[in-house]
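In what follows, every heavy atom counts, from backbone to side chain, and hydrogens, waters and symmetry copies are set aside. Proteins come first, then strands; the chains are lettered A, B, ... in the order of their sequence lines, and each starts at number 1.
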Protein chains: 4
Amino acid sequence: MRKANQIFQGAVDAFAEKGFDRATMDEVAERAGVAKGTLYYHFVGKEELICFLMEEGIGQLSSAVAEAVAQTDDPQGQVRAAIGAMVAYSNENRKFCQLLVKCIWSNAERQEQFREILQSYFDRLTGILNHGIHRGVFQPQPMEWAPSAWFGLVTIVILRVILQGQATDQERLVDYLYTQYMYGIIGRDIKTPN
Amino acid sequence: MRKANQIFQGAVDAFAEKGFDRATMDEVAERAGVAKGTLYYHFVGKEELICFLMEEGIGQLSSAVAEAVAQTDDPQGQVRAAIGAMVAYSNENRKFCQLLVKCIWSNAERQEQFREILQSYFDRLTGILNHGIHRGVFQPQPMEWAPSAWFGLVTIVILRVILQGQATDQERLVDYLYTQYMYGIIGRDIKTPN
Amino acid sequence: MRKANQIFQGAVDAFAEKGFDRATMDEVAERAGVAKGTLYYHFVGKEELICFLMEEGIGQLSSAVAEAVAQTDDPQGQVRAAIGAMVAYSNENRKFCQLLVKCIWSNAERQEQFREILQSYFDRLTGILNHGIHRGVFQPQPMEWAPSAWFGLVTIVILRVILQGQATDQERLVDYLYTQYMYGIIGRDIKTPN
Amino acid sequence: MRKANQIFQGAVDAFAEKGFDRATMDEVAERAGVAKGTLYYHFVGKEELICFLMEEGIGQLSSAVAEAVAQTDDPQGQVRAAIGAMVAYSNENRKFCQLLVKCIWSNAERQEQFREILQSYFDRLTGILNHGIHRGVFQPQPMEWAPSAWFGLVTIVILRVILQGQATDQERLVDYLYTQYMYGIIGRDIKTPN
DNA sequence: AATGAATGAGTTTTCATTCAT
DNA sequence: CATGAATGAAAACTCATTCAT
């Protein structure tokens, strides 16, 4: 179990930095601090390794969001909590966040497997939105696009922040993303509601 | 010139489908309908080929947005026109749109070159936003994040649409993206302004 | 002792089916129902394992032939008994028979060890022939080739039978091989001597 | 075409000496005097290479036999001519002959492909036998075994000769094989027919 | 200009063997 | 005695790039 975890970390590191295709199994092994053969003792191959990583990572992210959302019944509070969880998770797992964006659309064949994993995450987002719509707080939405919009908005901004390596004021970032998503560019500033 | 254009098309095709790293120069040549050697007669190498593609594609997209925005002085009208241009361009260049998302974050070394290209596009978006803010129509924004948010929201939804291969009502998609971006999930429906 | 025998069986199984080089020690262990480490507790290595198998198998075959031949003094009867023993042994040890043919010529380095083992078997065949020649029943033969001819004729036909998986009439097969070897394609049919 | 032929020769060399599994593609390339990549430019992979070799070699052997047999209508003459052709071909292609015996039964998966190739050769032998049986010169035979018997008898003896590296009197070898096959160990010596 | 055969450095994967428990 | 996680040397295969034609 020890080694398997080392491999997990090494793989996230390597894939996040170089991208799945450009990172070699040698690099993964080196960063994991294990011999190359050990990689193949624990994982069938490179492909299975990335799938495991994505499943694990998205699962954790999804759980973090679920937990945060469970704290309140208020739709707006839920969206804020969800975005807060996303930002916090990304901040604690910068490597994985890069890997996620780099790999999620990378390969047509893998697409199928990833999409399934991602779908469960999207379903969670959809659930939050539906709750708010049902309560009459959110506008009705074309639900085939809504989770993608949320995901795209939040993820791409976060990635930008991570890639620029700047130490970010998390609080401020969450505020921005929440306001933007909730009220758009035209809406009131949530910090100073009239 | 004929051949160079064939190569351009073949490369977009191949890179969009398989991703930059997994697409081989053989595949590019095959899809372009030229011999492999011809690729190297017209382009220095694989790396230079993708850079040329990105530059060309983003340039076209950026121009399309600029042209659309130039039609009006009204900030909201400009945002709508810009989103309309993005959707239209993506619809006419589905392959390139896939390639864009797949390759833009792919590789750290290339990052630099791409970022430069992408920056000019982001600058254009920033300009539109600044215009609206200046007019007092849009809320003040953290401008280091604002173009990323816009780009992420629009691009990821469009990609979702393209990947699902569904024939989409462009009009409805633009409406959704505009409303979402302008007013957020809580805002009024743009179609039925009070 | 129990485990050693399991390994023996597992190794025959694995080597017979996949060939020595393509069968892995994992497969041997699995078929033997022991852990991989156990293989190395009982045998020095893969090479030593195949040698042990061949020695054991050819020894058994050789003994079976010797025993059958000892029943009679009549040269023709001895050849028939020998062929009968070969067919019977092959039928009871189909796996080993496949392994024998697959591995006997496989590798130049191993050749030496195997040749020694095989030589004792060939010597036995040579003895039977010499006995018949001495009695004036068999024609003088070029003895450097005679045992190979006998071995090749019988073994390849048996292998063919085994590989085709057909349930064979042993009696008829022995008759055929004996007649063919004794009288050639032109000789009388042993079953209906004129 | 030049290189393809070099590869053919190099592969026969390497596979004959080390056996298919133990010969590396590096060795094949080295013996062929080409770069490793060239191997893969001309052949899909190792598996396809051995298949091509077998097909080519058995085809040549089969043709040589056919040509020899066509010279006469006499059944016994045909068998002698066939064996003569086999010995001659083996003598001129010692490497291929070793490869044939080493690889023909090596691998269960490959078995299928090889068997098909070998079958055409066996069919030729069957044809010769049927001709003689029809003429009433040869005894009726169980034709499911007859070609295997012929093949085994001749091939294994030839292999023995090749492996021992002795310079052989071809004439004498053909005589022996013919007599053995035609009259068995008990039959008259063909050299001194009564 | 265009071609495609040839290359070899680089990558993934396999597997016999070891050794701490 | 027995185990199975860990190893690393070795092997098959890929592919961007070159170059003679």
Pair Arg31(D) + Glu17(D), salt bridge at N-O below 4.0 Å = yes

Given that Thr38(D) and Tyr41(B) both sit by DNA chain E, which one's nearest nucleotide is further toward the 5' end?
-> Tyr41(B)

Parallel, tilted or perpendicular: rings of Trp105(A) and Trp105(B) (30°, 60°) | tilted

Given the options Val44(A), Thr38(A), Leu39(A), His42(A) meets side-chain contact (heavy atoms from CB on, under 4.5 Å) only with Thr38(A)

Residues pairing under salt bridge (Lys or Arg N to Asp or Glu O under 4.0 Å) where one sits in residues 32-42 of chain D, two or more places apart or in two chains, turn out to be Asp26(D)-Lys36(D)

Close N or O pairs between protein and nucleotides 16-18 of chain F (under 3.5 Å):
from: dA16(F); atom 1: OP1; to: Lys46(B); atom 2: NZ; distance (Å): 2.9
from: dA16(F); atom 1: OP2; to: Met25(B); atom 2: N; distance (Å): 2.6
from: dT17(F); atom 1: OP2; to: Tyr40(B); atom 2: OH; distance (Å): 3.2
from: dT17(F); atom 1: OP2; to: Lys46(B); atom 2: N; distance (Å): 3.0
from: dT17(F); atom 1: O4; to: Lys36(B); atom 2: NZ; distance (Å): 2.8

Distance-minimising heavy-atom pair for Ser62(D) and Ser120(D) | OG-O, 4.4 Å

Just how far, in rounded Å, is C1' of dA20(F) from NZ of Lys3(D)?
-> 12 Å

Heavy-atom nearest nucleotide on DNA chain F taken for Gly33(C) and for Gly33(A); more 5' hit belongs to Gly33(C)

Establish, for the pair Lys46(C) and Phe20(C), whether the NZ or CZ atom is under 6.0 angstrom from the six-membered ring centre and no further than 45 degrees off its axis.
-> yes

Base-pair map of DNA chain F as dot-bracket, where | denotes pairing with a different strand and pairs are Watson-Crick or G-U under 3.5 Å = .||||||||||||||||||||

His42(C) side chain near dC1(F) phosphate (N/O to OP1/OP2, under 4.0 Å) | no

Identify the two heavy atoms, one from Cys97(D) and one from Ser90(D), that lie closest to each other, and give their separation to 0.1 Å.
-> SG-OG, 3.8 Å

What is the distance from CZ of Phe15(B) to P of dC15(F), rounded to the nearest Å?
-> 13 Å

Compare every heavy atom of Arg22(D) with every heavy atom of Lys18(D), then report the nearest pair and how far apart it is.
-> O-CB, 3.3 Å

Take atom CD of Glu27(C) and atom P of dT14(E), then tell me their distance rounded to the nearest Å.
-> 12 Å

Quick one: Glu30(A) CD to dA6(F) C1', roughly how many Å, whole number?
-> 18 Å

For the student: nearest non-hydrogen atoms of Met54(D) and Leu99(D), plus distance = SD-CD2, 3.4 Å

For atom CD of Gln6(B) and atom P of dA1(E), their distance in whole Å | 15 Å

d(CZ, Phe43(D); C1', dA6(E)) in whole Å = 15 Å

Atom-to-atom span, CG of Leu49(C) to P of dA16(E) - whole angstrom | 11 Å

Hey, which of these two, Ala35(D) or Ala35(B), hits DNA chain E nearer its 5' end, going by closest nucleotide?
-> Ala35(B)

